[in-house]
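To start, the structure under review is shown below, and the notes come after it.
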2 protein chains.
Amino acid sequence: MDQNPPRSTSVTVADVARKAGVSKATAARVLGGYGTVSDPVRDAVTAAARALDYRPNELARSMTTGRSGTIGVVVGDIENPFFSLAMRGITDVARQAGFTVILINSGEDVAVEKAAIRTLLAKRVDGLIVSPAKESNVDHLQEAARSGRPLALLDRGSETLDVDTVIADDRHAAEGITRRLIALGHRRIAYITACDTPDHVFRVPSDVNTGSVRRRVEGFLGVCREAGLQGMEGWVRVGAITPDHTRGIVSAMLQSSERPTAIIASDSVIGLEVFKTSRAAGIAIPDELSLVSFHDADWTSVTSPPVTVVRQPVYRLGETAAKLLVERLNGYEASARRVVLQTELIERASVADAPA
Amino acid sequence: MDQNPPRSTSVTVADVARKAGVSKATAARVLGGYGTVSDPVRDAVTAAARALDYRPNELARSMTTGRSGTIGVVVGDIENPFFSLAMRGITDVARQAGFTVILINSGEDVAVEKAAIRTLLAKRVDGLIVSPAKESNVDHLQEAARSGRPLALLDRGSETLDVDTVIADDRHAAEGITRRLIALGHRRIAYITACDTPDHVFRVPSDVNTGSVRRRVEGFLGVCREAGLQGMEGWVRVGAITPDHTRGIVSAMLQSSERPTAIIASDSVIGLEVFKTSRAAGIAIPDELSLVSFHDADWTSVTSPPVTVVRQPVYRLGETAAKLLVERLNGYEASARRVVLQTELIERASVADAPA
DNA sequence: TTGAAAGCGTTACCAT
DNA sequence: ATGGTAACGCTTTCAA
């Protein structure tokens, strides 16, 4: 029973081999679980390994095999329930497939995203899942794709990037709620998103670089146009990047003489702030203001009134992206797949006829 | 302008050295940013690196330096807003300090946690941040600590583990809200937690293995005892691990003849489900039932009535754990530090006098 | 300031 | 079935 303190320098296959009285190659075979070895030798090596408390060095292993068993994930903000749920989907699939996940937060900043990709590539991740901050700026992703490591896009696609992509049917969802609101008599409908433009004002959909949001805005404007509503571009508000920003935007709107009769919130964090702000301003939902939010966050059913939402299959978004990536990692070679997951409108009580 | 397709095998220092007409050692020095080199040589190497689009292989670097620039994080469930917010704190600090984060979800399962630690150690993370599923079962953490890699505990401590720990003042918080409820005349006060016991029933605090929750339960029971309330152990309910489980527990309670007049929810996910279930059962909050929840999730102020919560400095919990770890990584050697962050009771409108 | 060569801990190829 | 040995891409003495 030698209980000597484990020396700081870790034990290697060579140590195990020596102790078991075999060659390094043989020890490596049983430790690594490859090649063929006789039972007695296997037992001896196993015993030696246990005695020495051998721990494989995955770094060294990756060094020679070229696979790190790691996938890199870059998301906008892990604190946002949307991403944390998608992340759960990713990690579940990854773990089951034997991969480990490196998470980097881009804060929706392209420069950070760029650096993240470099870091991840330098660490030799086997593959990448990215939710690109801006669709227009994907050179670094091109580069990643070219590096030979598979890349999957999450929630936000890119026309120019021919890689596996998993998104929700955002345009369709936006069209649906816009139609519904118009049918209820709404004409002053605001769309609020966290996406920003250089001068913080929206003019045309191409101003919005986040794929999922651009598609929604296009859907929104398209239906408005089709219904004869002109100049609705003015009702699209960008830059709701924090609750404070959102509050500023919403209260300004609510105080103006031509205030909106309906608001579409691009995510649940914004939806919540719209709810808070209008309540604080004494404006009643849904009598004076209708509210629809993307993402059926768990609390949306519990407010008074409960809020009408677009349910997105968020967990499955992450899960699917990870699955596609793992397939690539296992050698799948066919051309890029684009998966569009369906959303569902959950009608609750935050939407009503436009006030007279 | 050679635009030849980048060959699949990556370019190494040797390639750069050759192109720059210097030795591998010299090239490595400028590429790695260490040692001393003359300006002309530096420029030549830099130019060659750019021309070849050289990317350092961090794996190889880690191999020789022994540092991977990575910290491993094991949490119960990244989908829970508590952990996703703490995670944000961790990643922010890590990134700023030049570390990358590997995230593993334990699902509060000790076996998974154990495997996670092994994996992380095998990947040679420089340090670990763990939110241990069970305080009583920390052999694998002992082991991690002994491996020489620093370990920091998040939200849940361990008496037997002498490592840096960051927790909230859970006991104190629980005592505060319990006193308040008792002062309002409540006698049937339930405490509901996700933590489970083998037979799903609670008898004594030591049944609860999750540090933070055990401390809260101790605080709760202590104040009850001190106020002359006996047998309150029967009001502690464990196993609210999913919304469905929670609903089952709550609705059973609400239907019993001796139903609680107040409920303390151990996290916001449970708090939300209590809210939903009691509403569905037609039981009015706070007139017929008072509710206090741990974690001031963003939605808690927006329900009707808004819910009284214990505000925990969640982001700072993660941030602080990461800071302590990074200090260790930078050579800090003194004995283990235990940081206790203060909570705050946010009184809103879900708590009232006990019904007559 | 620069270069040659020895590791780091694996895997993998080629003999035996 | 087993052993010897050359990679993998980098850092790091030690000399020159």
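Convention: sequence-line order gives letters A, B, ...; per-chain numbering from 1.
- Taking 4.0 Å as the cut-off between side-chain N and carboxylate O, Arg118(B) and Glu58(A) do not count as a salt-bridged pair.
- Arg88(A) has a carboxylate O that lies under 4.0 Å from a charged side-chain N of Asp92(A), or vice versa, which qualifies the two as a salt bridge.
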**OP:** Quick one, give me the B/S/- string for nucleotides 10-16 of chain D, reading 5' to 3', where B means a protein heavy atom under 4.0 Å from the base and S means that only happens at the primed atoms, P, OP1 or OP2.
**Re:** BBB----

**OP:** Please assess Ser136(B) against Asn209(B) for the test side chain to side chain donor-acceptor pair (under 3.5 Å), listing each intermediate value before the final yes or no.
**Re:** CA-CA 6 Å; Ser136(B) 58; Asn209(B) 278 312; 2.8 Å; yes

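- Both Met63(B) and Ser23(B) lie close to DNA chain C; mapped to their nearest nucleotides by heavy-atom distance, the more 5′-ward contact belongs to Ser23(B).
- Under a 4.0 Å N-O distance rule, the pair Glu108(B)/Arg156(B) qualifies as a salt bridge.
- Remark: Val30(B) engages Val37(B), Val45(B), Thr46(B) in a side-chain contact (heavy atoms from CB on, under 4.5 Å) (not counting sequence neighbours).
- Other residues, nucleotides and ligands contribute only 12 or fewer heavy atoms inside 6.0 Å of the CZ atom of Arg95(B).
- Salt bridge status for Arg328(A) with Asp164(A): present, with a side-chain N to carboxylate O gap under 4.0 Å.
- A 4.0 Å heavy-atom criterion places the boundary nucleotides of DNA chain C facing chain B at dT1(C) to dG9(C), written 5' to 3'.
- At a threshold of 4.0 angstrom between heavy atoms, the contacts of Ser38(B) are confined to the sugar-phosphate backbone, with no base atom among them.
- In terms of heavy atoms, Pro132(B) sits closest to Leu154(B) at CD-O, 4.4 Å.
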